[in-house]
There are 4 protein chains.
Amino acid sequence: MKAKTNTGRRDAELSRRLILDAALVEFSEKGFSGARIDTIATAAGVSKPMIYSYYGDKDDLYAAALREAYIQIRAGEQELDLEHKSPEEAIRALVSFTLNHFKSKPWFISMLNTENLHRGATISKIHDVGEIQSRLLQELKIILQRGQDEGTFRQGIDPVDLYITIASLCYFPISNAHTLRVVFDKPVDEDSWLDQRRHDAEELVIRFLKP
Amino acid sequence: MKAKTNTGRRDAELSRRLILDAALVEFSEKGFSGARIDTIATAAGVSKPMIYSYYGDKDDLYAAALREAYIQIRAGEQELDLEHKSPEEAIRALVSFTLNHFKSKPWFISMLNTENLHRGATISKIHDVGEIQSRLLQELKIILQRGQDEGTFRQGIDPVDLYITIASLCYFPISNAHTLRVVFDKPVDEDSWLDQRRHDAEELVIRFLKP
Amino acid sequence: MKAKTNTGRRDAELSRRLILDAALVEFSEKGFSGARIDTIATAAGVSKPMIYSYYGDKDDLYAAALREAYIQIRAGEQELDLEHKSPEEAIRALVSFTLNHFKSKPWFISMLNTENLHRGATISKIHDVGEIQSRLLQELKIILQRGQDEGTFRQGIDPVDLYITIASLCYFPISNAHTLRVVFDKPVDEDSWLDQRRHDAEELVIRFLKP
Amino acid sequence: MKAKTNTGRRDAELSRRLILDAALVEFSEKGFSGARIDTIATAAGVSKPMIYSYYGDKDDLYAAALREAYIQIRAGEQELDLEHKSPEEAIRALVSFTLNHFKSKPWFISMLNTENLHRGATISKIHDVGEIQSRLLQELKIILQRGQDEGTFRQGIDPVDLYITIASLCYFPISNAHTLRVVFDKPVDEDSWLDQRRHDAEELVIRFLKP
DNA sequence: TATGAATGAGTATTCATTCAT
DNA sequence: AATGAATGAATACTCATTCAT
């Protein structure tokens, strides 16, 4: 029973990690059909057969990458600390966070677009994807309740619908930055414009929640 | 009075049209890399060489399809009659139209997603794409002015930013319908939910515009 | 019976001519497989169906072009006036002419190379190709006889073999100019080098013919 | 003692060799445009992707085949033993060798013709092609010097020009055998005619070198 | 565990050739 | 006589996937 066993396991773990990271980048940059197993292997520094032995075929690897995108989002959301803020401040913080998050993790948006292009064929096979946003929704529910209790927010706001509204406002300007820049000649990727947009989005949501 | 079909034809204009329609469908359903020239040829009822002789290579055909998507949007917007409505009614109508449009012409959203995945590489080569939304923006500007004049709307609203807001609210729920349905277990493609969303979107925008 | 009939015939003749010239250029520059019917049609300013109706398929057109190359050579040789020169002068003139000819009509060499690459499959089908060089050989025979009679030349020289010798010396430096230039770093396409080569070739042949 | 064949192999070096040999045959028989990657793959007993992975695209493979033709020539010339012959004998041996070589390695002439048809576009990219004939030229230089020293040969003969003369005399009758046979009705591929030609070529060169 | 070698099944693109007017 | 429209059959090249070691 040599020490090498342990190293072997660690290397295996590392290889899996490197493959997954490379796959996430490749799929998000090229879409499913545009992604190349060869490119992923090279980027991860492993041989192609390794990818197949660890993850199965291209579809399976794509599914793993899609799940990873959601997992990374969840990890990011852990950092939010909404409980110690006033309802309005919490909402503003969530809007702001969401916009930043979409901006700083571009592969998430790309993976979502790719997955929706494929009519959600893969995401429905990922069993634990439902749980992912649950924590966020739970917090949102509490914030809404607190806002209603203190009279800041209206009654009858569904947390999921509210989240969809927030996501809508944050998603589109980033997801469609390239076409917007050309079609409307707007500097949608400059910080100053995004700051303004963040502010507008907060304002939109707050006004919407007001009684 | 014979209806023009694709059988026994020798009609260049018709062939061009059939190819373009088929290309728009194929590219929007599969993305650039996933689209097959073969499939387009079969769907259009023409041979592959025709496609190449009329449109050049796959990139060129994709560019033509992308441009066509924008042209169809413009054509749809022509039908809106915003001038004879009150400012608030006009805004509500525009929101409603945009949501309907995204919903009923799914290839537009798909093409935009595909194009943004490719970092806008193609759209910047379409020379007249800027003019396409110009009419709508012009109308939007007038509505905003009328609203300001009568005191319904705030000062300092940029028409492009407003349009981006409207588009954001209408785009995401439809663009991401497949993932939303799975992740949040929401019936985002049912009419009842969309009606509610349409109403919420109008409300969001109107509240935002109020002084 | 309008005058147009006549014009129509003349145009037909002209079209045939234009096609043949374009074909000769295209086949000699690209070889058989590299030549494009489309290119020939464009260069000749006619439609592709015209080519097919006048000359048959690509093989037939190639055969016509090959024959044309020989015909043009024959036409060139008509200009030589060997009878009024001394035997030695006549031989020198023939060598000089051959080199010039190969140099100034590059498609002839290209067509020969192409045809030999194809193992002479086409030339054997051109019925009148044998007669083409006959006049030249006849003259050569007379020169040799005159040289023998006056004691300048040896006995037993075969005119065809002599012509092959002359052609050999003139063909290779022009046919292989591109590779010679690179491999031996010789300026084989400059006039000064060719003048020297012409002189050497004459000298070689004359010395060979001396008793 | 198992002979290396292409069956059940997994031997990169052997595969490369088999591909190169097959490519040399195919390109020399069909020219660049006429050559088929499919044919080469089948002849070499490998799949098409192997060819692309080992040699790049068709142009690259052609370049490798062209270079190989020159390398085989060099290898053949190594066997000549000119140093221990008298100058005249050495020249005769070289002429004889060159004719034999062109005759027995027909792909060399075919490759040269193909390359010259393409205006030497490829050979100028092969970096070491210049060195290939260098050894032969060196030997030729020495022979000429020895001949001059002993008074057998003239002064002022350039080795490259001399080689071009020798090559000219040997190249044409073989390169153009197919057309010569038809046009002049000469049995240029029969051994007896070639023996005579070899003798004439030697005589031509020797007479030319004499003071 | 790991990978260099190998390939079947595509996939965009081309080209000689024919059809319909 | 002439051609714009159209295509079947290649053809170079790619890519996910597996084999043998």
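Bear in mind the structure is a predicted one, so any value in this text is a computation, not a measurement. First the proteins, then the strands, lettered A, B, ... as listed; each starts at 1.
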Enquirer: If you only use heavy atoms from C-beta on, which nucleotide in E/dA12, F/dA12, E/dG4 is closest to the side chain of B/I37?
Expert: E/dA12

Enquirer: When the distance from NZ of B/K48 to C1' of E/dG10 is rounded to whole Å, what number comes out?
Expert: 10 Å

Enquirer: Check each of C/Y70, C/F32, C/Y62 against C/M111 using the side chain to side chain contact (heavy atoms under 4.5 Å, CB included) test, and report the only one that passes.
Expert: C/Y62

Enquirer: Rounded to the nearest Å, what distance is computed from the NZ atom of residue D/K30 to the P atom of nucleotide F/dA12?
Expert: 11 Å

Enquirer: From C/I40 CD1 over to C/L18 CG, what is the distance, rounded to the nearest 0.5 angstrom?
Expert: 13.0 Å

Enquirer: Expressed as a whole number of angstroms, how long is the span from A/D38:CG to F/dT18:C1'?
Expert: 14 Å

Enquirer: Toward the 5' end of DNA chain F, which comes first, C/G45 or D/S33, by nearest nucleotide?
Expert: C/G45

Enquirer: Using a 4.0 Å heavy-atom cut-off across all strands, classify B/A41 as base, sugar-phosphate, or nothing.
Expert: nothing

Enquirer: B/R16 has an atom CZ; how far is it from atom P of F/dA6, in whole Å?
Expert: 11 Å

Enquirer: Taking for each residue the nucleotide of DNA chain E bearing the nearest heavy atom, is the 5' side occupied by A/V46 or by C/P49?
Expert: A/V46

Enquirer: Output the rounded distance in Å from CG (D/D11) to P (F/dT21).
Expert: 12 Å

Enquirer: Strictly below 4.0 Å, heavy-atom distances to any atom of DNA chain E: list the hits from residues 50-60 of chain C, or just say none.
Expert: C/Y52, C/D57, C/K58

Enquirer: Rounded to the nearest 0.5 Å, how far does OG1 of A/T114 lie from CD of A/E29?
Expert: 11.0 Å

Enquirer: So how far is it from D/D60 CG to D/I51 CD1, rounded to the nearest 0.5 Å?
Expert: 12.5 Å

Enquirer: With respect to the side chain of B/S15, which nucleotide from F/dA6, E/dG8, E/dA16 is positioned closest?
Expert: F/dA6

Enquirer: In the structure I gave you, are the side-chain heavy atoms of A/R36 and A/K58 within less than 4.5 Å of one another anywhere?
Expert: yes

Enquirer: Rounded off to whole Å, could you give me the CZ-to-P distance for the A/R36 and F/dC13 pair?
Expert: 17 Å

Enquirer: Side chain to side chain contact (heavy atoms under 4.5 Å, CB included) with B/N113: which of B/N116, B/L117, B/I109?
Expert: B/I109

Enquirer: Is there a Watson-Crick or G-U wobble partner for E/dT7 with both distances under 3.5 Å, and which nucleotide is it?
Expert: F/dA16

Enquirer: Heavy atoms, side chains only, cut-off 4.5 Å: are C/Y54 and C/L20 in contact?
Expert: no

Enquirer: Taking atom P of F/dC15 as reference, at what distance in whole Å does atom CD1 of A/I40 sit?
Expert: 12 Å

Enquirer: For F/dT21, which nucleotide is its Watson-Crick or G-U wobble mate, given both distances must be under 3.5 Å?
Expert: E/dA2

Enquirer: Which whole-number value in Å describes the distance from D/E13 CD to E/dA6 C1'?
Expert: 16 Å

